[in-house]
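For this chain, numbers begin at 1 and follow the sequence in order.
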Amino acid sequence: NGVEIKFGSEYFDDFYSIYSEKLKQENAVHDSYTTLKKMVDSNEKGILFLCGVAYLNGKIEAGILNGSDQFGAYYLFGGSSRTAHNGSFRLLHWELIKKYKAMNFKYYKLGAHREFEMLTDKHARLASFKMGFGAEIQQGYQYTLIIHPIKFWLYNKLVQLKSKV
């Protein structure tokens, strides 16, 4: 249907505009432009970042920012417009998968999978989306190391307050 996929750091601003728009719509906390731009520009420790953006008739439909090392790629940040063509985000992922295959990457990690009490309708849809590409679920654990307990407590209270407002 005319959806165009483009890759490169020159599309970072378009990626960020759609990413931040999506998370603002969901009232979700997200990283600032400066934080992500600094991360992308740093290229520290052999991590390379790739922006991908889907366009339809010149309008931004979806965007992704991934990281990769010598073995594989990691889905980090992404979002799509509320009015995006139903297949734009899927096509963007598919083109990334083809790109990573051509680069002989061993894997493309699509992010976490939630189960049981953490599985909401949204997360079930996300899991279905990921499984549609042939993804496999790997069992594992997620740990949080709290370095500053007072700051952590304060942050959580502020997030709770923001969600009520």
Practice item. Flag yes if Val29 and Leu158 sit in one hydrophobic cluster, no otherwise; membership is Ile, Leu, Val, Met, Phe, Trp, Tyr, and two members link when side-chain heavy atoms are under 4.5 Å apart. Key: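 No, Val29 does not connect to Leu158 through the hydrophobic network.
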
Review point. Can you hop from Val159 to Leu23 via hydrophobic side chains spaced under 4.5 Å?
Key: no

Review point. Above 12 or not: heavy atoms from other molecules or residues under 6.0 Å from OH of Tyr74?
Key: yes

Check your understanding: When you look at CG of Asn86, are more than 12 heavy atoms from neighbouring residues, nucleotides or ligands closer to it than 6.0 Å?
Key -> no

Would you indicate whether the side-chain heavy atoms of [Y] and [X] approach each other to under 4.5 Å?
X	Y	result
Lys59	Thr83	yes
Leu92	Phe7	yes
Val40	Leu65	yes
Ile60	Ser81	no

In Å and rounded to the nearest 0.5 Å, what is the [atom1] to [atom2] distance from [X] to [Y]?
X	Y	atom1	atom2	result
Ile5	Leu91	CD1	CG	4.0 Å
His85	Ser80	NE2	OG	12.5 Å
Asn104	Gln70	CG	CD	13.0 Å
Tyr19	Phe12	OH	CZ	9.0 Å
Ile146	Asn156	CD1	CG	8.0 Å
Asp41	Ser9	CG	OG	7.5 Å

Nearest heavy atoms of [X] and [Y], plus distance in Å:
X	Y	result
Leu50	Gly8	CD1-N, 4.1 Å
Phe89	Gly63	CE1-O, 3.8 Å
Cys51	Tyr11	CB-C, 4.4 Å
Asn66	Leu96	ND2-CD1, 3.5 Å

Practice item. May I have all residue pairs that pass salt bridge (Lys or Arg N to Asp or Glu O under 4.0 Å) and include part of residues 98-107, sequence neighbours excluded? Key: Glu95-Lys98

Exercise for review: Would you please classify the geometry between the Tyr16 ring and the His30 ring as parallel, tilted or perpendicular, with 30° and 60° separating the classes?
Suggested key: tilted

Review point. How are the rings of Phe77 and Phe15 set to each other: parallel, tilted or perpendicular (split at 30° and 60°)?
Key: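 Correct class here is tilted.
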
Name each donor-acceptor pair under 3.5 Å that joins a side chain in residues 147-154 to protein atoms two or more places apart or in another chain, with its distance.
none

**Study point:** Residues Phe49, Leu36; criterion side-chain contact (heavy atoms from CB on, under 4.5 Å); working and verdict
**Key:** CA-CA 10 Å; Phe49 295 93; Leu36 291 186; over 6 Å; no

Exercise for review: Output all residues satisfying salt bridge (charged side-chain N to carboxylate O under 4.0 Å, His left out) with Lys22, sequence neighbours left out; order by chain, then residue number.
Suggested key: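 Lys22: salt bridge (charged side-chain N to carboxylate O under 4.0 Å, His left out) contacts with Glu26.
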
Check your understanding: Between Tyr75 and His93, is any side-chain donor less than 3.5 angstrom from a side-chain acceptor?
Key ->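 On atom types as modelled, these side chains do not qualify, holding no pair under 3.5 Å.
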
